[in-house]
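Structure first, commentary second.
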Amino acid sequence: APAPASPTHYTPTDTILILGAVPQEIPPFVEAMTAPEKKSLWGIPYWEGMIDDTPVVVAITGIGKTFTGMTTTLFVAEMKPRLVLMSGTGARIDPTLRTGDVIVATVTYEHDYGSLTADGMVYRPMNGPDNGAEMENAFSPPAELLARADDAIAAYEGPEVSANGETYNVTARRGVVASSDLFGVTTQRIETLRTRFDVDIMEMESAPLGHVAVSLGVPFLVIRAGSNIAQEAPNDDYLRLGPIAARQAAHFTLHLLDYL
Ligand SMILES: C[C@H]1O[C@@H](n2cnc3c(N)ncnc32)[C@H](O)[C@@H]1O
C-alpha cells in the first residue's frame, strides 16, 4: 500500500525529517544546514536548522527494525514533519548497479517476515495493532512524491566516483529495496530477493521506515546508494565502500530537496 501524500493524523509543520541509519550517513546534511543546532529527544541526538529555505530535522535511527521503528515514530510524533526522507547505503542485489549508484524506492519489502523453511522463506501478510488487521508486506511512497523524485532524477548529474578499480559518474533511478535485520545473507536468500521481489538494493531500515509511514499515515521517500555486492560476510567490503555510498545517497537527497 502507498503512504498518503499528506499526513493522516496531524497537521504538518513545514519541517522535513531526514533520517540516516548510521553516523556516516548524515554529515552532508548537517554541513548543508545554516546554523545547525544540536539537540536531543529522549536521549537521541538530532540536528535542527535550515537547508536553503527548508526547515529540517536530521537524526540517526540506529541499525535495524527496532531502532528504526522507535526513532521514526518518536520524531514523527514530536516534529509533525510534512515528509520523512531516509538516506543511506545498501548491498547491491542488481549486479548492474555500481557502488554509489542511487535508487529511489518505489516499494520496500521486509524480507525476513514469515517462516524460514528448508526450501527458503514463506511470506505472509503482517498483522497490525488494530485487532490484528492484515497488512500487505509492501510499503510504497505516495505517487505524488515519486513523480517529484522522477523530476529530480531526470535533472541529476551524478558526481564522479572511483570504486572497485573503475571511475565513473553515478546514476540515479527508481528501484526496489528490501530490508531485514540480516546484514549478510546466503546466496539462496539473494536469489529469493531477485526472483520473488525483483530487488535492486538490500539493507536494514527502509522497509521498517515504510512500514511505520504506511501504518501511521506519513509521506516518505527512501534514497539508497549501493555499497558492496550482497554477500554472506559483507564486513570488509562494506567498510571500504559504505562511505562512498553514504556520500552519494546524501548528495542526491540534497538535490532532491529542491523538488520537494
Ligand atoms: C550496515 C548498515 O548499512 C546498510 N547496509 C549497507 N551495506 C549493507 C549490506 N551489504 N548488507 C546489509 N546492509 C547494508 C544497512 O542498512 C545498515 O544501516
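Everything numeric in this text was worked out from a predicted model, so none of it was measured. Counting convention: from 1, in listed order, for ligands and their atoms alike.
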Fill in: Ion pair Arg173/Asp94, N-O distance below 4.0 Å
yes
Practice prompt. Determine whether the side chains of Ser179 and Ser206 contain a donor N or O and an acceptor N or O closer than 3.5 Å.
Written response: no
Worksheet item: What is the closest protein heavy atom to atom 7 (N) of ligand 1, and at what distance does it sit?
Response: Ser227 OG, 3.0 Å
Worksheet entry | Glu25 with Arg247: basic N within carboxylate O range, under 4.0 Å | no
Worksheet item: Which ligand 1 atoms does Met204 reach within 4.0 Å, using its non-hydrogen atoms?
Response: 13 (N), 15 (C), 16 (O), 17 (C)
Worksheet entry | Stepwise ring pair (Phe, Tyr, Trp, His ring centres under 6.0 Å) check, Tyr156 with Phe252 | CA-CA 8 Å; Tyr156 194 52; Phe252 177 80; 4.9 Å; yes
Worksheet item: With distance as the sole criterion, is a donor-acceptor pair present between the side chains of Asp237 and Ser227 under 3.5 Å?
Response: no
Worksheet item: Looking only at non-hydrogen atoms, which of Ala91, Gly90, Ala233 approaches atom 9 (C) of ligand 1 most closely?
Response: Ala91
Worksheet entry | atom 6 (C) of ligand 1: the protein heavy-atom neighbour that sits closest, reported with distance to 0.1 Å | Thr89 OG1, 3.0 Å
Worksheet item: Purely on distance, is any nitrogen or oxygen of Asn228 under 3.5 Å from one on ligand 1?
Response: yes
Discussion item. Taking Lys65 first and then Glu205, would you say they form a salt bridge - that is, a charged N and a carboxylate O separated by under 4.0 Å?
Written reply: no
Fill in: ligand 1 N/O within reach of Phe183 N/O, cut-off under 3.5 Å
yes
Discussion item. Checking the side chain of Arg82 only, and the main-chain atoms of Thr13 only, is there a donor and an acceptor separated by less than 3.5 Å?
Written reply: no
Worksheet item: Is the closest N or O pair between Glu203 and ligand 1 shorter than 3.5 Å?
Response: no
Worksheet item: Between Arg224 and Glu203, is the closest basic N to carboxylate O distance under 4.0 Å?
Response: yes
Discussion item. Give the atom numbers and elements of ligand 1 that come within less than 4.0 Å of a heavy atom of Met202.
Written reply: 11 (N), 12 (C)
Worksheet item: Quick one: which ligand 1 atoms are inside 4.0 Å of a heavy atom on Arg224?
Response: 16 (O)
Worksheet item: Which atoms from ligand 1 have a heavy atom of Ala21 less than 4.0 Å away?
Response: 18 (O)
Worksheet item: In the protein, what heavy atom is nearest to atom 17 (C) of ligand 1, and what distance, to one decimal place, separates them?
Response: Glu205 OE2, 3.4 Å
Practice prompt. Measure the distance from atom 2 (C) of ligand 1 to every protein heavy atom, then report the residue, atom name and distance (to 0.1 Å) of the closest one.
Written response: Tyr238 OH, 3.5 Å
